[in-house]
Amino acid sequence: MTQPSEPPAIPGPRDGSAELCGTVVPVPPRLTKAVIRNFRLLRRTDLSFTDKVTLCVGRNNTGKTSLAKLFAFFVARKKTALHLEDFSADCYEEFLAAHRLFASGEADQARDTVPAVTLTLHVAYDKECGQYGPLAPFVVDLDPDCSEVVIRFAYALGDGALKEFFGGVPVGPDAARRFRWFPRQIPAVGRFAGV
């Protein structure tokens, strides 16, 4: 009768150190910083992530869920469009200002004034590794001392969509009337872009 064999042991320490049987194992890429603009409560937010553990704690209505939803939107692509309520409330005046510029014939300035939701990720990598996996397309710096990739995701008004976005918005001082129109249009003319 044979004894069941033990599962093969995985060589190397279990404490997370980089040493593996006397050789150095490349450190996997890790997120070091996230910069968020114009998403819900996260109007201007910069987050730093530590080497070991990062916890997101805080009181209710401080942006924890918004942070998770933003990552799901851009990184996991769980949604295909944003709505007016997904933009920071501070952006509302920027939408109105852009509409005023558009109505006065200043299309280029209006386009530059329309707010965008952005997520910029800073990812550190081991420059000695040579194999970067899914990070490879973003490692474009020829500087041999560079060990960081910056990936920017944006949800912004699509190219050539300014007229479609503002074309039917009523002109005048009644901001509430204009805002009733915006929620239908943002998903229709917004564009996801990773740069």
Side-chain angles (χ1 to χ4, degrees), residues 10-58 62-82 86-88 90-91 94 98 108-162 186 189-195:
I10 300 172
R14 303 292 187 264
D15 62 0
S17 66
E19 291 296 320
L20 176 64
C21 300
T23 62
V24 177
V25 174
V27 178
R30 69 176 188 82
L31 181 64
T32 59
K33 183 177 179 182
V35 178
I36 300 154
R37 297 293 181 259
N38 301 329
F39 188 70
R40 298 184 181 179
L41 294 173
L42 309 173
R43 168 70 164 167
R44 295 189 188 286
T45 305
D46 293 19
L47 300 169
S48 295
F49 300 93
T50 64
D51 289 345
K52 300 290 182 188
V53 176
T54 297
L55 297 175
C56 187
V57 295
T62 57
K64 298 181 304 293
T65 301
S66 294
L67 178 65
K69 288 188 180 287
L70 184 66
F71 271 84
F73 177 74
F74 280 128
V75 180
R77 303 269 187 104
K78 294 289 185 184
K79 272 174 76 173
T80 58
L82 296 181
D86 291 317
F87 284 79
S88 171
D90 293 337
C91 291
E94 293 174 25
D108 290 339
Q109 287 181 332
R111 177 69 180 88
D112 293 339
T113 305
V114 174
V117 172
T118 63
L119 171 64
T120 305
L121 301 177
H122 295 251
V123 181
Y125 63 90
D126 182 354
K127 61 186 177 185
E128 304 300 325
C129 176
Q131 295 182 7
Y132 308 111
L135 194 60
F138 301 101
V139 180
V140 295
D141 196 324
L142 299 178
D143 179 359
D145 296 324
C146 182
S147 62
E148 180 183 61
V149 167
V150 179
I151 305 168
R152 183 174 186 261
F153 300 94
Y155 187 82
L157 191 62
D159 292 336
L162 187 68
I186 291 174
V189 295
R191 176 176 56 92
F192 171 83
V195 291

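Checked against side-chain contact (heavy atoms from CB on, under 4.5 Å), Asp51 has the following partners two or more places apart in sequence or in another chain: Arg30. Applying the side-chain contact (heavy atoms from CB on, under 4.5 Å) test to Ser66 and every residue at least two apart in sequence or in another chain returns Phe39, Arg40, Leu42. Asp46 is linked by a salt bridge (charged side-chain N to carboxylate O under 4.0 Å, His left out) to Arg37, counting only residues two or more places apart in sequence or in another chain. In this structure Ala161 satisfies the side-chain contact (heavy atoms from CB on, under 4.5 Å) test together with Leu157, Val189, sequence neighbours excluded. Residues that satisfy the ring-ring contact (aromatic ring centres under 6.0 Å, His included) test with Phe71, not counting sequence neighbours, are absent from this structure.
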Which pairs of donor and acceptor atoms, one on a side chain in residues 112-121, lie under 3.5 Å apart (sequence neighbours left out)?
unit_1 : atom_1 : unit_2 : atom_2 : d
Thr113 : OG1    : Gln109 : O      : 2.7

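The aromatic rings of Phe153 and Phe74 lie parallel to each other, with less than 30° between the two planes, well short of the 60° mark.
For the pair Asp159/Arg111, a side-chain contact is recorded, criterion being any heavy-atom separation below 4.5 Å from C-beta on. A 4.5 Å side-chain heavy-atom check between Leu47 and Leu67 finds at least one atom pair inside the cut-off.
Rounded to the nearest 0.5 Å, atoms OG1 (Thr65) and CG (Leu70) are 12.5 Å apart. Asp90 CG to Asn38 CG: the interatomic distance, rounded to the nearest 0.5 Å, is 8.5 Å.
Using a distance-only test at 3.5 Å, with no hydrogens or angles considered, a donor-acceptor pair links the side chain of Lys64 to the main chain of Gly58.
Across all non-hydrogen atoms, the minimal contact from Ala110 to Leu162 is CB-CD2, 4.1 Å. Nearest approach of Val150 to Glu148, heavy atoms of both residues: CG2-OE1, 4.1 Å.
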